[in-house]
Amino acid sequence: MSDTHATSTFYDGGCTCRQMRYRMTTVPLFVHCCHCSWCQRETGSAFALNAMIEAERVRLLTGDLVVVDTPSHSGKGQRISRCPTCQVAVWSNYSGAGDTVRFVRVGTLDEPARFPPDIHIYTGSKQAWLALPPDVPAEVEYYRASERWPAESLERRAALLAKFPRPR
C-alpha cells in the first residue's frame, strides 16, 4: 500500500479556495489511478487518482460541501462532494460502496505525492501518449481486491463489510 513509511498520523487536504478543509485520519485502503473514459471526462484529464478510505476516517474540518449526483459507466451513479464556493471535487461516493467508502481525490491533499497509485485500472481506455510505470500493477478493467490489496487493507475492508453489510 502507498505511504507505508508515513510519519504523520493524519493527512489534510481541501479545496482551491481553502474554504473547505478535511482530514484523513489514517492511510487509505488503496489508491486507484483510473483511466476510464468517464473519469477522464469528469476530471478533464487523462485519469482520476482516488484514495479509497472508510468514510468514518475522513473528517470535515472547516466549510461545507455540496453533493452532486452524476451518472457513471455502471449506471448506478456517483455522488461527488464539492466545495460550494470554488466547486473543486474533493471526494466521491460510488453506489457500490455507498456512503461507507470515500474516493478522496489525491490531488486535493496537501501532500499528494505521499499517495502514488497502488494500481492503474481501466487501462484499456487510457490515453495512448501516457506511459505507465512498469513497477505498478495495471489492469485493463477492474480487479479483485482479494488479489491486489495488502492484508491490512483487506482486514479493514472485512471490518467495514461486517459493520455495514451490502444489501443483496
In terms of hydrophobic clusters joined by side-chain contacts under 4.5 Å, are [X] and [Y] together?
X: Met24; Y: Val31; value: yes
X: Ile80; Y: Val88; value: no
X: Phe164; Y: Phe30; value: yes
X: Tyr94; Y: Phe47; value: no
X: Leu154; Y: Tyr142; value: yes

Quick one: do the [X] and [Y] side chains pair a donor with an acceptor below 3.5 Å?
X: His32; Y: Tyr122; result: no
X: Gln78; Y: Ser92; result: yes
X: Thr62; Y: Arg18; result: no

Starting at [atom1] of [X], measure out to [atom2] of [Y] and round the result to the nearest 0.5 Å.
X: Arg156; Y: Arg57; atom1: CZ; atom2: CZ; result: 4.0 Å
X: Glu42; Y: Cys36; atom1: CD; atom2: SG; result: 9.0 Å
X: Ser81; Y: Arg105; atom1: OG; atom2: CZ; result: 9.0 Å
X: Thr26; Y: Glu54; atom1: OG1; atom2: CD; result: 5.5 Å
X: Asn93; Y: Asp69; atom1: CG; atom2: CG; result: 10.5 Å
X: Leu161; Y: Thr100; atom1: CG; atom2: OG1; result: 7.5 Å

Please give me the minimum heavy-atom distance between [X] and [Y], naming the atom from each residue.
X: Phe115; Y: Val106; value: O-CG1, 3.8 Å
X: Gln19; Y: Cys83; value: CB-SG, 4.4 Å
X: Leu29; Y: Arg157; value: CD2-N, 4.3 Å
X: Met20; Y: Asp64; value: CG-O, 3.7 Å

>> Looking at Asp110, I want to see if its CG is surrounded by more than 12 non-hydrogen atoms of other residues, nucleotides or ligands under 6.0 Å.
In response: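 Yes, the 6.0 Å shell around CG holds more than 12 heavy atoms from other groups.
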> Any chance CD of Glu141 has more than 12 other-residue heavy atoms, nucleotides or ligands included, within less than 6.0 Å?
Replying inline: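 12 or below, so no.
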> Thinking salt bridges, do Glu56 and Lys163 make one under a 4.0 Å N-O criterion?
Replying inline: yes
Are the side chain of [X] and the backbone N or O of [Y] linked by a donor-acceptor pair below 3.5 Å?
X: Thr108; Y: Cys15; result: no
X: Arg102; Y: Asp99; result: no
X: Gln40; Y: Ser125; result: yes

Does any non-hydrogen side-chain atom of [Y] lie less than 4.5 Å from one of [X]?
X: Trp149; Y: Asp118; result: no
X: Leu109; Y: Arg114; result: no
X: Val66; Y: Arg82; result: yes

> Between Ile53, Asn50, Leu49, which is the residue that forms a side chain to side chain contact (heavy atoms under 4.5 Å, CB included) with Phe103?
Replying inline: Asn50
> Tyr11 and Val104: side-chain contact (heavy atoms from CB on, under 4.5 Å), yes or no, with the steps?
Replying inline: CA-CA 11 Å; Tyr11 310 91; Val104 173; over 6 Å; no
> Regarding Arg23 and the six-membered ring of Phe10, is the cationic atom NZ or CZ under 6.0 Å from the ring centre and inside 45° of its axis?
Replying inline: yes
